[in-house]
Amino acid sequence: MGEMQEIQGSVQPDSYNPSEVESKWKNLWTERHTNVPDIKGAKNPYYALMMFPYPSAEGLHVGNMFAFTGNDIHARYQRLQGKDVFEPLGYDAFGIHSENYALKVGMHPADLIPKNIANFRRQLERAGLMVDWTRSLSTTDPDYYRWTQWVFLQLYKQGLAYKKKGAVNWCPFDKTVLANEQVENGLCERCGTKVEQRFLEQWFFEISKYAPRLLENLDRLDWSETTKAAQRNWIGRSNGAEIDFRLATKVDGEDDYRSIRVFTTRPDTILGVTYMVLAPEHPLVDSIATAEQRLAVDNYREEAKKKDLIARKVNKEKTGVFTGAYAINPATGKHVPIWISDYVLMEYGTGAIMAVPGHDERDGEFAETFGLPIVVLTDEEMESAPKVGVDVVNYRLHDWCISRQRYWGPPIPIIYCDDCGPVPVPENQLPVLLPPIDDFKPDDSGVSPLARHEEWYITPCPNCGKQGRRETDVSDTFLDSAWYFLRYPSVGIDDKPFDPEITKRWLPVDTYIGGNEHAVLHLLYSRFITMVLKDGGHIEFDEPFTKFRAHGLIIREGAKMSKSKGNVVNPDEYIDEWGADSFRTYLMFLGPFEEGGDFRDQGISGVRRFLDRLWSSVLNCEHTGEPDADVIRKLHQTIKKAGDDTAKLSYNTAIAAMMEYMNVVRKGERKSHAKEIAPLVQLVAPFAPHIAEELWERMGNSESVFNSTWPTYDPASLTEDSVEIAVQVNGKMRGKISVSAGVQQDEAYSAAIAVPGIAKFVTGEPKKVVFVPGRLLSIVV
RNA sequence: GCUCGAAUGGUGGAACCGGUAGACACGAGGGACUUAAAAUCCCUUUGCCGCAAGGCAGUGCGAGUUCGAGUCUCGCUUCGAGCACCA
């Protein structure tokens with residue numbers, strides 16, 4: 001063996017071989033249960049959570065890897081701080097995405113998903129995450145979705161789940177309804193198909209009731225500001241007033257005058273009202289339309305119903321029709337005509353507005369189109385406007401439509417009975433299993449494929465025992481993911497969704513990391529469900545994630561990665577070539593974690609070089625004699641810098657600090673001392689855990705490096721004895737002086753003008769001298 | 001239109017509270033080692049002028065505050081993200 005290496009020459013007997021080191025430690029971690037915390041007895045529990053992935057057939061994406069690694073580093077860092085860290089990971093495997101893919105490749109999702117999960121698991125394990133694999137889950141496990149159905153029932157019990165026929169977003173491609181949050185610019189978020197409006201009976205969660213709380217709590221959450229801003233935007237609070245406009249004539253056959261209530265944010269402009277507009281669907285339209293206008297009104301309402309949402313939103317030309325009726329402005333007593341138009345939305349406010357064309361752009365356009373009068377008010381008129389309204393607050397947040405006319409999801413646990421009406425499935429009869437049907441392809445009927453299976457949906461009413469009918473819609477995937485963080489610590493407990501003692505110990509989640517694309521979907525829904533469970537007495541906190549950080553996106557060659565551009569990075573290739581430790585560290589080094597960055601193939605070599613140097617420095621270090629005092633000083637500075645930066649997820653600068661230290665340690669090809677290099681192994685450990693374990697072991701430690709304690713620094717070492725002070729004359733850099741650290745202004749000044757290059761700019765007595773100790777001397781002449 | 005971000009060498013990116021702009025890394029150039037290459041190690045690397053010492057300019061653009069501005073204020077430009085006929 002030795003002879004062979006002698007012949008090959010280039011092969012060092014003990015050079016760094018990532019794949020060897022990594023597979024060794026992967027196995028040891030599993031054997032020793034290194035990553036399994038004591039769920040019931042942990043003294044310093046720390047829950048480090050990462051948004052779970054959808055297990056796609058393509059396998060893990062670098063974006064996922066980037067995010068998981070960032071979370072893993074945080075988790076490992078917290079562990080080195082002495083915390084009992086729980087880092088779980090599972091799969092968000094229900095939903096349209098999985099189902100569409102299964103349809104495309106002609107497989108059943110129930111067969112496809114386990115394959116995808118196995119591939120994900122393989123890739124995730126290669127990444128060296130500190131994940132507790134004994135507590136994983138998939139939302140498609142009956143053991144899991146049983147409790148998703150339980151969550152539905154809690155909302156139902158608390159009066160927050162209701163069924164309503166109404167205008168909903170229908171995706172003609174995915175053949176299902178969508179939540180408002182899943183519609184982007186009138187297009188389906190998943191497939192980009194134009195969304196149509198349909199009138200269907202659907203299950204809703206009354207999230208709108210929680211709008212004030214969802215908004216107010218944001219102020220006390222330690223979350224990325226961008227995420228909070230997106231939620232505030234989405235919840236959309238606006239302060240205004242509701243004002244009643246009485247009709248000028250009575251509705252036929254009624255004794256009293258009816259009135260129309262409007263919402264406005266500008267009650268001070270009431271003197272400028274020249275007409276009113278109702279949404280076409282407004283319930284009063286039928287009764288107030290006059291005989292002459294009836295036909296025109298009906299036609300317009302039919303047109304509005306047909307018009308797809310995108311036409312309404314993109315083509316903002318104003319259309320409308322006069323109802324023939326008039327109302328009385330409560331502030332002036334004047335009669336104003338009542339129109340209907342689809343620029344007024346039934347879902348917002350009261351579905352009716354007072355139009356002030358002189359002070360509202362949209363009203364102005366409408367008035368111009370139809371030749372209605374435009375009144376521009378003076379400031380005095382607005383200030384002296386009579387108060388005829390009641391102050392109200394409106395939110396844009398709509399209720400969450402959770403029914404999906406699809407197959408691949410948890411069936412909604414409701415049974416319809418002719419006598420008893422909708423009856424919730426008793427909790428002890430959960431789960432309502434999703435039947436293994438083959439014809440799961442959705443159709444245009446507006447009902448789920450499950451509705452084709454009488455043998456499944458015909459079932460006795462839990463109340464009276466007569467023949468009933470199951471709800472055939474399944475619930476939205478976002479319900480699966482709105483509570484999964486509650487389940488992880490209690491995985492394996494089969495008589496309740498989450499154990500109260502365990503939940504008390506581990507939740508809320510200490511840090512949550514994920515993509516900002518979920519700011520108004522998953523993150524809002526999770527907060528809502530948490531509040532509901534708190535109000536139902538199931539948990540003791542009403543915010544699920546104490547701290548949330550949105551990670552950035554990885555791009556390549558300045559563009560988003562996509563298959564069509566051919567610039568997708570497959571993590572496997574890079575791990576094969578460079579090792580997981582180098583790959584992880586490179587991902588964290590390429591840019592700020594919360595911003596992301598550009599993935600460049602060549603960049604990874606620098607990180608690998610760093611690990612190679614670390615390897616050889618540790619293996620060749622001196623164990624006798626004393627370490628260099630200057631190096632030790634730099635070490636303390638590095639411990640502080642790398643520690644502070646790692647703690648605040650500023651991973652790229654933490655790595656830079658370690659590299660800088662490495663350069664100091666090896667300066668001029670010197671041999672490092674064990675005391676100089678050992679703490680660096682610990683600093684590197686969260687980033688490159690395998691090599692850190694290996695080196696830690698080779699340094700004579702028998703325990704995992706992750707059971708060691710983060711090195712401490714001596715604050716006295718942070719300041720240098722002598723410092724370089726910058727000297728400016730009239731604001732321009734003119735030179736530097738080297739002085740002892742505690743030097744005062746006079747002394748610094750004398751030292752400065754003793755330098756000819758500085759003195760030549762200082763002519764005569766200075767007008768002013770500014771001295772920043774240890775940094776700078778500024779002379780004004 | 002509204003709400004957030006961002007803009008710094010050839011490239012990715014650093015810069016605490018307003019205090020030496022360009023840390024760290026890639027790339028490039030030069031050198032050492034080698035029969036050679038790879039690997040490794042060392043040096044140089046914002047631009048311009050200069051043999052040098054040194055000087056001038058410089059953080060998207062234009063003003064301002066300040067002894068001093070990448071950083072603060074005002075006014076723009078461009079790019080990215082979210083929301084959008086929400087009264």
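The chains referred to below are lettered A, B, ... by the order of the sequence lines, with proteins before strands, and numbering in each begins at 1.
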Students often get this wrong, so: under 4.0 angstrom with heavy atoms, is [X] touching a base, only sugar-phosphate, or nothing?
X      : result
A/S778 : base
A/D612 : nothing
A/N516 : nothing
A/R232 : nothing
A/R734 : sugar-phosphate
A/R237 : nothing
A/Q728 : base
A/S341 : nothing

Review point. So, is B/G13 syn or anti if syn means the angle is within 90° of 0?
Key: anti
Practice item. Enter syn or anti for the glycosidic conformation of B/C67, syn applying to angles within 90° of 0. Key: anti
Review point. Does a salt bridge link A/D219 with A/R232, judged by any charged N lying under 4.0 Å from a carboxylate O?
Key: yes
Review point. Any ion pair linking A/D222 and A/R549 (charged N to carboxylate O, less than 4.0 Å)?
Key: yes
Under 3.5 Å on both distances, the Watson-Crick or G-U partner of [N]:
N     : value
B/C33 : none
B/A39 : none
B/G75 : B/C61
B/C83 : B/G1
B/C56 : B/G47

Whole angstroms only, please: what is the [atom1]-[atom2] distance between [X] and [N]?
X      : N     : atom1 : atom2 : answer
A/L776 : B/C16 : CG    : C1'   : 15 Å
A/N17  : B/A39 : CG    : C1'   : 16 Å
A/E225 : B/C4  : CD    : C1'   : 10 Å
A/E595 : B/G12 : CD    : P     : 13 Å
A/F599 : B/G27 : CZ    : C1'   : 16 Å
A/E724 : B/G19 : CD    : C1'   : 14 Å
A/D598 : B/A7  : CG    : P     : 15 Å
A/M346 : B/A87 : CE    : C1'   : 14 Å

Point to revise | Sole candidate of A/Y574, A/F589, A/F66 that passes ring-ring contact (aromatic ring centres under 6.0 Å, His included) when paired with A/F599 | key: A/Y574
Consider the side chain of [X], meaning its heavy atoms from C-beta on, and name the nucleotide among [options] that approaches it most closely.
X      : options             : value
A/N233 : B/C41, B/A14, B/U3  : B/U3
A/K732 : B/A87, B/C56, B/C24 : B/C56
A/N652 : B/A87, B/A14, B/C26 : B/A14
A/F761 : B/G19, B/G55, B/C24 : B/G55
A/M659 : B/G13, B/A25, B/A84 : B/A25
A/T226 : B/C4, B/G55, B/C26  : B/C4
A/A656 : B/A14, B/C24, B/G19 : B/C24

Point to revise | Under-3.5 Å donor-acceptor pair between A/R775 side chain and B/C16 base | key: yes
Practice item. Test for a donor-acceptor pair under 3.5 Å between the base of B/C67 and the side chain of A/K767, counting only N and O atoms. Key: no
Practice item. Please name all residues satisfying side chain to side chain contact (heavy atoms under 4.5 Å, CB included) with A/K634, sequence neighbours left out, ordered by chain then number. Key: A/Q637, A/T638, A/E660, A/Y661, A/V664
Point to revise | Aromatic ring proximity, centroids under 6.0 angstrom, A/F366 and A/W339 | key: yes
Review point. Closest nucleotide of RNA chain B for A/L590 versus for A/K667: which of these residues is on the 5' side?
Key: A/L590
Practice item. Between A/E361 and A/P592, name the one whose nearest nucleotide on RNA chain B is closer to the 5' end. Key: A/E361
Check your understanding: Does the side-chain contact (heavy atoms from CB on, under 4.5 Å) test come out yes or no for A/F610 and A/M658, once each step is laid out?
Key -> CA-CA 9 Å; A/F610 167 66; A/M658 294 186 268; 3.9 Å; yes
**Study point:** No-hydrogen, no-angle side-chain donor-acceptor test under 3.5 Å, A/T227 and A/N516
**Key:** yes
